[in-house]
Visitor: 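Submitted below is the structure of interest, expressed as structure tokens.
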Amino acid sequence: MDTSFKEKVYEVLRTVPKGKVVTYGQLSKLSGKPKAARAVGMLMAKNPDAPKTPCHRVVASDGTLHGYSGKGGILGKKKMLIEEGVVFKGEKVDLEKSQWNV
DNA sequence: AAAATGACGGTGT
DNA sequence: TACACCGCCATTT
């Protein structure tokens with residue numbers, strides 16, 4: 001296993017509990033690169049461990065759902081999060097209630 | 001090795 | 001509130 005940035009991101013992402021979401025910036029920060037949110041997004045897009053990595057629990061800094069390589073795209077992602085217990089506020093996630101507490 | 005890409009974040013208009 | 005621009009970074013081609 002390599003200690004690359006992406007490995008770290010996946011590792012942290014895997015620790016995100018069901019019903020909670022984490023922002024790209026938060027993931028990047030926990031991975032050691034506070035400003036690598038953009039890079040994190042790319043890693044999700046590539047997402048080599050789809051069923052293993054809960055990439056659908058990753059949202060933008062303000063709770064907005066950006067993209068999703070999986071089926072259904074943004075809509076499917078949003079729906080999945082709701083099923084897990086994530087609280088939505090209109091088109092965004094209620095970070096006050098569903099953001100992962102580090 | 002260099003350039004282009006992208007599921008970001010923040011600020012400005 | 002919505003759209004546009006800039007800055008930031010690792011991955012991919």
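Quick caveat: nothing in here was measured; it's all calculated off a predicted structure. Per chain, numbering begins at 1; letters A, B, ... match sequence-line order. Note that these values count all heavy atoms, side chains included, but never hydrogens, waters or copies made by symmetry.
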Visitor: Can you tell me if A:Ser31 uses its side chain to pair, donor with acceptor, with the backbone of A:Phe5 under 3.5 Å?
Guide: no
Visitor: Is A:Leu65 reachable from A:Ile82 through a run of I, L, V, M, F, W or Y residues, each pair having side-chain heavy atoms under 4.5 Å apart?
Guide: yes
Visitor: Figure out the CD/C1' separation between A:Gln99 and B:dG9, and round it to whole Å.
Guide: 14 Å
Visitor: From the options A:Asn101, A:Val16, A:Val40, A:Val59, select the one residue that forms a side chain to side chain contact (heavy atoms under 4.5 Å, CB included) with A:Val22.
Guide: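 The side chain to side chain contact (heavy atoms under 4.5 Å, CB included) with A:Val22 is passed solely by A:Val16 among A:Asn101, A:Val16, A:Val40, A:Val59.
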Visitor: Is the shortest side-chain N/O distance from A:Ser61 to OP1 or OP2 of B:dG9 below 4.0 Å?
Guide: yes
Visitor: Take A:Gln26 and A:Met42, find for each the nucleotide of DNA chain B with the closest heavy atom, and name the residue whose nucleotide sits nearer the 5' end.
Guide: A:Met42
Visitor: Identify whether any heavy atom of A:Ala60 sits under 4.0 Å from a base atom; if not, whether one sits that close to sugar-phosphate; answer base, sugar-phosphate or nothing.
Guide: sugar-phosphate
Visitor: When you group the ILVMFWY residues by side-chain heavy-atom contacts below 4.5 Å and let the links chain together, are A:Val21 and A:Phe88 in the same group?
Guide: yes
Visitor: Over how many whole Å does the gap from A:Glu7 atom CD to C:dT11 atom P extend?
Guide: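 These atoms are roughly 9 Å apart.
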Visitor: Measure from the side chain of A:Ala39, starting at C-beta and using heavy atoms only, and say which of B:dG9, B:dA7, B:dG6 lies closest.
Guide: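 The answer is B:dG6.
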Visitor: Need one value for A:Ser28: base, sugar-phosphate or nothing, where a base atom within 4.0 Å counts as base even if backbone is also close, heavy atoms only.
Guide: nothing
Visitor: Specify the separation, in whole Å, of atom CG of A:Leu43 and atom P of B:dC8.
Guide: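 That distance rounds to 12 Å.
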Visitor: Does A:Arg38 get its side chain close enough to the base of C:dG7, under 3.5 Å, for a donor-acceptor pair?
Guide: yes
Visitor: Quiz question: going by heavy-atom distance under 3.5 Å, is there a donor-acceptor pair between the base of B:dA7 and the side chain of A:Tyr24?
Guide: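 It does, because a donor-acceptor pair links the side chain of A:Tyr24 to the base of B:dA7 below 3.5 Å.
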Visitor: Okay, side chain of A:Ser4, backbone of A:Glu7: is any donor-acceptor separation there less than 3.5 Å?
Guide: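 Not at all, since once roles are kept as given, no pair shorter than 3.5 Å links the two residues.
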Visitor: Regarding A:Ala37, tell me which of base, sugar-phosphate or nothing describes its non-hydrogen contacts under 4.0 Å with the strands shown.
Guide: sugar-phosphate
Visitor: Output the rounded distance in Å from CG (A:Leu30) to P (B:dC8).
Guide: 18 Å
Visitor: Can you tell which of C:dT11, C:dC9, B:dA7 lies closest to the side chain of A:Ala36?
Guide: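 The answer is C:dC9.
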Visitor: Between C1' on B:dA7 and CD on A:Glu91, what's the gap in Å once rounded to a whole number?
Guide: 17 Å
Visitor: Round to the nearest Å and state the distance from A:Met44 atom CE to C:dT11 atom P.
Guide: 11 Å
Visitor: Whole angstrom is fine here: how far is it from NZ in A:Lys46 over to P in C:dA10?
Guide: 17 Å
Visitor: Expressed in angstrom and rounded to an integer, what is the separation of A:Lys8 atom NZ from C:dC9 atom P?
Guide: 18 Å
